[in-house]
Structures are given as structure tokens and as C-alpha cells.
Amino acid sequence: MTAYAQYRPSSDFTSRLTTGWTHIDYSYATDWGVSSTKNTRRVADWQNTWTPCKAAEIVVGADREFTENRVGPGNTNDNATGLYLSTLLKPVQDLSFTLGGRNDHFSTVGSANTWRTGAAYQFRQTGTTLRASYGTGFSAPSSDDRFGVPSWGMLPNAGLVPEKSRGWDLGIAQAFLEGKVTAELTYFNTRYRNLFEWETVDFTTYEGRTINRSRASTSGIEASIEARLNGTLTARFAYTYLDATDDISGARLTRRPRHVGDIEIRSHLTKAWIVGAGAHVVANRLEGAQPAEDYTTVRIFTSYDLGGGVRLKLRVENLLDEKYEEVYGYPALPLGVTAGVEWRF
């Protein structure tokens, strides 16, 4: 459940308070064992946005999170408090800079500071946009990682330390044919200290635990192209190549596919009726030291505008009922149908 309140005393200042509550009650029963877990998460976020002029925007805020985990008879808590500041500057029409920072205090591992900066420039005459960013990251180990869930085959590791990272990316977007076709290409590189990764301890029972890799890195490219083929038909293709390596041993990191592709075609059959189809491909990944099976899933979707702000929606995921596992021992969902009604007023 989510609730929020927003106050706007002037055209250049907005204050928004958002609260959220999530509860998960999960029962697990297989030949390996039976267990139940409960997770309750409460979040409050207070965000203030000030736009002193057209060339600047400043966001200041704070958030507080309370998380309670219950695994069998055990009970643990992960609480965090954060303060953040973000700025957007546009000194000239086509140039923008961003700079932001956070301070987080975790009840389990103490405080951490992270930041991110970026820039983008648009060449209007050629339809080209260049962008780049650099930032840092921090992740605290969860209760499951530290204390384990034995009935799942997840062993404890009390010696886990937080994961830290530094990463940068450089990208270009190019429009063609008067904006009907847009192509994007981005190179990214991230270096980790104490990266969280799963390690299988017993290949008979497949028991394992979360461990730290002292040095690791990921790099690769993201490419996409989107085209409006005519007034009613749009197609999009996206591809990611990922190289993820343990920098100490030189081995590939587990559960990180080298190739991921996605294609989607969407058509407006009428002004009110939209239909579409897509496919998602994952290839060349490892589970531990063993190759994992590639898989492809297909989806179809449609929506219809009844008028008055009411739209009917229907989506079928994994249309061909592909049998696959993103994580060994956990079969993914089979064919699934989702129907809904959206009302805008």
C-alpha cells in the first residue's frame, strides 16, 4: 500500500511525503524441505523540489526504512536512514549537468556516502545526443545473506561485508529520417569491491551461501534501435553484451548472461485499439562453473480504449510455455495471463 501528500506553496517549490507498506508471507515446500518466511517493509520518503530558475532544479530529501524478516523461529531487522541532494543545471539550451549525493546509515553496517554526476549535450542540427556519467554505489548484506535460510539450502555467512562499486558510462543517441528512427549505443564499466555472489558449497544437495568477491568488474555495451515504420506501426530492438569477471581469479561471474536481446512490435489497429508482440532472449550464462541453458520467451499484449478515461488491458507472458530456470532449482513461471482495467480521471 502507498499513500502520499503533496504541498505546493508556490510555482517553483513542491514538497511531497510518500509512505509505503509491503508484507510478504511466503511458504516454501519441496523434497528439500519446508519453511515459511515473512517480510514486512515500511518506508517514508520526504522530497522537496525547488526550481529557482529555468536553468536549475534542486531536490533535497530524506527517507527512512524499517524491514523485519522472520524465517521460521528467527527474527531479524534491517533499518536504514538516508539523506540526499540532487541538482540539475542547464547553463545553455542544449547542455545539461547533473550532480547528486546520498548519505545512508544502516543499522547493520553503519554509514555510507555515494554520489553520481553526469552531462548531456544535444546537437539539434544533426539529431545527435552525447551523454556520460560517473558514480559510486554501496549495498549492505541482507538478513538472508548474513544468517542464511537452511531449509532453502542457503547457508549463513556472518563474515559478509558491504559491497562497494564505482562505474561510468558513455553513450550516443542518433535520430534518422526526421526522427522516425532513433538508434542508441552505450558503453559501461563498473568495478566492484567485495561483490556479493552465490557460491555452491555442496553440488549434491546444492547448498550454498552468499560470499564476497574481493575484486570484480563488469563492462559491456547496450544498443537499441526504435523505428516508426508508418503511422500505426512501431518496432524496437535492444541488445546487451556483458563481460562480468572475478578480477582475482579471472573467472566469469555466475548468473550473469553474456547476451540479452529483446524485440517488440506494437501496432495501433485503430485509434482506440493497440496490439503487440515481443520476444526476450537470454544466452551464454553460468550456474556456478557449469553452463546454464539458454532460453527465449514470447509475449503478446493488447489494450482497448473504451472512452471516458477507461482502458481494458490483456497480456500473455511466456506464450509458448518455455521451461527454463533463471536460478538453478527454481523453475520460472509458465504461461501466464494478466487482465486489467485502467481508469484515468
Side-chain angles (χ1 to χ4, degrees), residues 1-26 35-52 56-89 97-118 133-149 152 154 156-167 190 192-197 210 212:
M1 296 193 301
T2 302
Y4 74 90
Q6 183 168 295
Y7 177 58
R8 192 175 185 183
S10 63
S11 61
D12 61 357
F13 184 81
T14 302
S15 183
R16 181 184 180 103
L17 178 65
T18 304
T19 60
W21 175 86
T22 302
H23 179 76
I24 299 174
D25 192 344
Y26 180 62
S35 71
S36 63
T37 65
K38 295 182 179 181
N39 176 277
T40 303
R41 182 169 176 255
R42 300 175 179 88
V43 178
D45 179 82
W46 182 32
Q47 185 176 103
N48 301 277
T49 304
W50 179 40
T51 309
E57 180 183 85
I58 301 173
V59 178
V60 180
D63 51 50
R64 180 72 166 143
E65 179 176 333
F66 303 89
T67 303
E68 183 180 8
N69 302 283
R70 294 180 292 277
V71 181
N75 190 335
T76 60
N77 294 280
D78 293 321
N79 303 324
T81 302
L83 302 173
Y84 56 88
L85 169 67
S86 177
T87 60
L88 171 63
L89 302 176
F97 294 98
T98 58
L99 176 63
R102 283 187 63 97
N103 173 267
D104 291 281
H105 181 80
F106 300 87
S107 61
T108 54
V109 295
S111 298
N113 296 311
T114 54
W115 59 273
R116 182 179 185 273
T117 185
S133 70
Y134 183 93
T136 63
F138 182 94
S139 181
S142 69
S143 292
D144 289 351
D145 294 328
R146 289 181 289 128
F147 301 111
V149 187
W152 297 359
M154 185 175 184
N157 185 357
L160 277 176
V161 297
E163 175 186 292
K164 299 179 180 180
S165 64
R166 293 180 177 270
T190 306
Y192 296 90
R193 292 177 58 190
N194 302 317
L195 174 73
F196 297 142
E197 190 172 49
T210 301
N212 290 119

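Computed from heavy atoms alone, side chains included, the values below leave out hydrogens, waters and symmetry copies.
By the 4.5 Å heavy-atom criterion applied to side chains, Thr108 and Pro141 are not counted as neighbours. Using a 4.5 Å heavy-atom cutoff, the side chains of Thr2 and Thr18 are in contact. Annotation: side chain of Leu85 is in contact with side chain of Ile58 (closest heavy-atom distance under 4.5 Å). Proximity of Asp45 to Glu65: side-chain heavy atoms (C-beta onward) are nowhere separated by under 4.5 Å. You'll find the side chain of Asp63 reaches within 4.5 Å of the side chain of Tyr84, heavy atoms only.
We find the CG-CG distance between Asn113 and Asn103 to be 4.5 Å, quoted to the nearest 0.5 Å. From Thr67, atom OG1 reaches atom CG of Asn39 across 6.5 Å, with rounding to the nearest 0.5 Å. If you take CE on Met1 and CZ on Arg42, they are separated by 10.0 Å, rounding to the nearest 0.5 Å. Here Phe147 contributes atom CZ and Leu160 contributes atom CG; the two are 10.5 Å apart, rounded to the nearest 0.5 Å. We find the CG-CZ distance between Asn79 and Arg41 to be 11.5 Å, quoted to the nearest 0.5 Å. The line from CG of Leu195 to OG of Ser139 is 9.5 Å long, rounded to the nearest 0.5 Å.
For Thr98 (side chain) and Gly118 (main-chain N/O), a donor-acceptor pair under 3.5 Å exists by modelled atom type.
Closest of all the heavy-atom pairs between Phe138 and Pro162 is CZ-CB, 3.4 Å. Residue Arg102 comes nearest to Gly82 through the heavy atom pair NH2-CA, 3.8 Å, listed as atom of the first residue, atom of the second, then distance. The two residues Ala56 and Leu89 make their nearest non-hydrogen contact at CB-CD2, 3.8 Å.
Applying side chain to side chain donor-acceptor pair (under 3.5 Å) to Glu68 and the options Asn75, Thr76, Thr40 leaves one that passes, Asn75.
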CA sep, side-chain torsions, deciding dist, call: Asn212, Arg193, side chain to side chain contact (heavy atoms under 4.5 Å, CB included)
CA-CA 8 Å; Asn212 290 119; Arg193 292 177 58 190; over 6 Å; no
Let me see the working for Asp78 and Arg146 under side chain to side chain contact (heavy atoms under 4.5 Å, CB included), right down to the final yes or no.
CA-CA 11 Å; Asp78 293 321; Arg146 289 181 289 128; 2.8 Å; yes
With side chain to side chain contact (heavy atoms under 4.5 Å, CB included) as the test, would you mind laying out the steps for Thr14 and Tyr7 before giving the verdict?
CA-CA 6 Å; Thr14 302; Tyr7 177 58; over 6 Å; no
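In this model, no donor atom of one side chain and acceptor atom of the other lie less than 3.5 Å apart for Thr210 and Asn157. With no hydrogens or angles considered, no side-chain donor-acceptor pair links Arg166 and Thr136 at under 3.5 Å. Between the side chains of Glu163 and Ser165, no donor-acceptor pair of N or O atoms lies under 3.5 Å. Donor-acceptor pairing under 3.5 Å is recorded for the side chains of Asp12 and Ser10. Side-chain contact annotation: Ser15 with Asn48, donor-acceptor N/O pair under 3.5 Å present.
Atom OH of Tyr4 has 12 or fewer heavy atoms from other residues, nucleotides or ligands within 6.0 Å.
Aromatic pair Tyr134/Trp115: ring centres closer than 6.0 Å.
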